[in-house]
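Report on the structure given below.
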Number of protein chains: 2
Amino acid sequence: MLQYAQPLQRVIEEFQRLPGIGPKSAQRLAFYILRSGPEAARALGEAISSLPDDIGRCRVCHNYTEDELCPICDDPARDRTTICVVAEVSDLMALERSGEYRATYHVLAGVLSPLEGIGPGDLNIDSLLDRVSQDGIREVILATSPSVEGDATAEHIRQSLQQYPGVVVTRIALGLPVGADLDYQDQVTIARALSGRRQME
Amino acid sequence: MLQYAQPLQRVIEEFQRLPGIGPKSAQRLAFYILRSGPEAARALGEAISSLPDDIGRCRVCHNYTEDELCPICDDPARDRTTICVVAEVSDLMALERSGEYRATYHVLAGVLSPLEGIGPGDLNIDSLLDRVSQDGIREVILATSPSVEGDATAEHIRQSLQQYPGVVVTRIALGLPVGADLDYQDQVTIARALSGRRQME
């Protein structure tokens, strides 16, 4: 029924493949690009086209990077005795946004998921154990999400790290989100917030 | 504080220029493109890059098209005695989606807006009057939005069309949206729905 010109149809279909973009947003984006003209369209299109060719993974922590090392591993001001283990680069970015963390990361590129057939061999766990064995690491912070898969992944890594008794293995804290209404939190979060309580100073 | 690799930063910034895409969605889209690989990235990127070059405006109605005429003006099954005047191509698409309309369109490419300096000369009004003067048109339906600008634009066109007394000029109906709760509609909509009431058959 709807008759888009073919190149327009193609862009709308391509946009719809992206996460969180439905038919209406895809049409709106395509029309916006048409209105913004050839130059703006080429700037966006070329940036997208070349992205996977230009970006690789950091040799040490598997963060995205243009070079051998990511900007974090390459930063001499970072504390190299602590590694924060995350599932994805987006988690690393979320931690960076907090501005609280000044050490290094390790990106697993996923979490254990028997249902999806993702086992320990599919994650960057061996390279984590390599780092811990070589570099005088003092602490590994397990910052996978507090979900079934994230917890199982953290537990698996904790067990693998038992062969390095000098390394402290920690888990990020669970509790109430800042600014939250106690009333609106789910039971599991409240239970975790209670059991994780700390003495006030 | 956040350290993206430069090509990643570029894509995220480009995405943020698009309507309805904030920093978080832009990052999510960029990471999705990285994960989806070089081939998918090129498909999307090239479709976007070439879009404004491949798509022009229909010579008759100013709809988007690859050819001289858009698929609607080129369709022999369409009734050519009626023209539905809309502000933008997206409005034309919304009317097409309804499946109710089997005649032709005219895209103004905007609405009158003294505040933004958009006058009658900036809209495709002359070409509408040309069409009406030549083609044996019987009805012009003014389907600009029922907003201050849309109403003013409709009124301006109605006056311009007075020189063709044989042409019936109509305005799309205002009233309650289907499925709406009367209780939740604004006063103006309710007033219009009342004044626009029709005898039941």
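Just the heavy atoms: all of them, side chains too, but no hydrogens, waters or symmetry mates, feed the values below. Lettering of chains follows the sequences in order, A, B, ..., and the numbering in each one begins at 1.
Between chain A and the residues B:Leu51, B:Leu18, B:Ile21, B:Leu8, the largest count of heavy-atom pairs under 4.5 Å involves B:Leu51. For the set B:Ala109, B:Pro38, B:Ser49, B:Ser36, the count of heavy-atom pairs under 4.5 angstrom toward chain A peaks at B:Ser49. Looking only at heavy-atom pairs under 4.5 Å with chain B, the residue among A:Glu13, A:Arg35, A:Glu88, A:Gln6 that has the most is A:Gln6. With chain B as the partner, the residue from A:Ser25, A:Ala30, A:Ala43, A:Gly37 showing the most heavy-atom pairs under 4.5 Å is A:Ala43.
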Criterion side-chain contact (heavy atoms from CB on, under 4.5 Å) on A:Lys24 and B:Met93, from CA distance to verdict: CA-CA 11 Å; A:Lys24 269 219 117 142; B:Met93 293 292 174; over 6 Å; no
Full working for side-chain contact (heavy atoms from CB on, under 4.5 Å) between B:Arg42 and A:Asp53: CA-CA 10 Å; B:Arg42 259 189 292 277; A:Asp53 295 329; 2.9 Å; yes
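Within the model, atoms CZ of B:Phe15 and CD1 of A:Ile48 stand 3.5 Å from one another, a figure rounded to the nearest 0.5 Å. One finds the CG atom of A:Leu34 at 8.0 Å from the CZ atom of B:Arg57 (value rounded to the nearest 0.5 Å). Note that CD1 of B:Ile33 is 12.0 Å distant from CZ of A:Arg17, once rounded to the nearest 0.5 Å.
Residue contact with chain B, scored on non-hydrogen atoms closer than 4.5 Å, involves the backbone of A:Thr65 exclusively. When heavy atoms are compared at a cutoff of 4.5 Å, B:Tyr32 approaches chain A solely by way of its side chain, counted from C-beta outward. Neither the backbone nor the side chain of B:Glu39 comes within contact range of chain A; no heavy atoms are under 4.5 Å apart.
A 6.0 Å sphere centred on CD of B:Glu116 holds no more than 12 heavy atoms belonging to other residues, nucleotides or ligands. With a 6.0 Å radius and a threshold of 12 heavy atoms from other residues, nucleotides or ligands, A:Glu100 has its CD atom at or below the threshold. Within a 6.0 Å sphere centred on CD of B:Gln163, heavy atoms belonging to other residues, nucleotides or ligands number more than 12. Within 6.0 Å of CD in B:Gln187 there are 12 or fewer heavy atoms belonging to other residues, nucleotides or ligands. Dense packing is recorded around CZ of B:Arg158, with more than 12 heavy atoms of other residues, nucleotides or ligands lying under 6.0 Å away.
Aromatic rings from B:Tyr64 and A:Tyr4 are positioned such that their centres are separated by 6.0 Å or more.
Looking at A:Glu14 and B:Glu46, their side chains never come closer than 4.5 Å, going by heavy atoms from C-beta outward. Contact of the A:Arg28 side chain with the B:Ser90 side chain is not registered, since no non-hydrogen atoms from C-beta on lie closer than 4.5 Å.
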